[in-house]
Amino acid sequence: MSAKEMFEKLGYEKEENSRRIYWYSKHFISETNVISFRKTTKVLNNYIEYDSPFAPNAPLLLSIEELQAINKQVEELGWLNE
């Protein structure tokens, strides 16, 4: 199973640009779970983004299934081969 399939099974949608891959999943009305991969610096970021400008981002606690999808994405990006 690919990272795309794994993330989509968990309800995540993908956005990508030349520098980053974003996987996001809307939870509740004002919360979005975000998992991002910085392609050039090989950095992973995961957080909860709130719609309110008064609420700072918060750490995202990962499930085992999310961790497996992250590991698969890292593998597909070739980060483990270096």
Side-chain angles (χ1 to χ4, degrees):
M1 184 179 288
S2 71
K4 179 180 188 293
E5 293 169 324
M6 294 171 85
F7 275 114
E8 287 177 348
K9 184 178 177 183
L10 295 170
Y12 282 83
E13 295 181 33
K14 182 179 182 181
E15 283 187 16
E16 184 172 0
N17 60 38
S18 61
R19 297 184 308 162
R20 290 187 184 171
I21 297 172
Y22 293 97
W23 286 101
Y24 62 93
S25 177
K26 191 78 166 169
H27 287 270
F28 306 108
I29 293 173
S30 63
E31 296 179 11
T32 303
N33 291 354
V34 179
I35 300 173
S36 72
F37 298 82
R38 293 184 192 178
K39 296 177 186 178
T40 55
T41 58
K42 299 178 184 170
V43 172
L44 168 70
N45 224 344
N46 55 293
Y47 55 92
I48 300 171
E49 183 177 84
Y50 297 97
D51 291 343
S52 169
F54 304 107
N57 293 343
L60 171 62
L61 301 176
L62 299 171
S63 69
I64 293 299
E65 293 82 7
E66 288 167 322
L67 184 57
Q68 290 171 331
I70 289 168
N71 287 336
K72 187 64 173 178
Q73 183 71 74
V74 167
E75 178 186 321
E76 290 176 6
L77 289 168
W79 292 2
L80 299 176
N81 300 331
E82 299 176 7

According to a hydrophobic-cluster definition based on side-chain heavy atoms being under 4.5 Å apart (Ile, Leu, Val, Met, Phe, Trp, Tyr only), do [X] and [Y] belong together?
| X | Y | answer |
| --- | --- | --- |
| Val34 | Val74 | no |
| Trp79 | Ile21 | yes |
| Leu60 | Phe37 | yes |
| Ile48 | Trp23 | yes |
| Phe7 | Tyr47 | no |

Let's go through Tyr12 and Glu66 carefully: what are the C-alpha distance in whole Å and the side-chain angles of both, what is the deciding distance for side chain to side chain contact (heavy atoms under 4.5 Å, CB included) to 0.1 Å, and is it a yes or a no? CA-CA 10 Å; Tyr12 282 83; Glu66 288 167 322; 2.5 Å; yes
Under 3.5 Å donor-acceptor, Glu8 side chain and Glu5 backbone: no
Consider side chain to side chain donor-acceptor pair (under 3.5 Å). Of Arg19, Arg20, Lys14, which one does Glu16 pass it with? Lys14
In the structure I gave you, are the side-chain heavy atoms of Gln68 and Met6 within less than 4.5 Å of one another anywhere? yes
Enter the distance from [X]:[atom1] to [Y]:[atom2] here, rounded to the nearest 0.5 Å.
| X | Y | atom1 | atom2 | result |
| --- | --- | --- | --- | --- |
| Gln73 | Glu75 | CD | CD | 10.5 Å |
| Asn33 | Ser25 | CG | OG | 5.5 Å |
| Leu67 | Ile35 | CG | CD1 | 9.5 Å |
| Leu62 | Ile70 | CG | CD1 | 4.5 Å |
| Lys26 | Glu49 | NZ | CD | 8.5 Å |
| Glu13 | Thr32 | CD | OG1 | 10.0 Å |

Heavy atoms only: give me the nearest Tyr50-Pro56 pair and the separation to one decimal. CD1-O, 3.2 Å
For Lys39 and Asn17 the tightest heavy-atom approach is NZ-O, 2.9 Å
More than 12 heavy atoms from other groups under 6.0 Å of NZ on Lys9: no
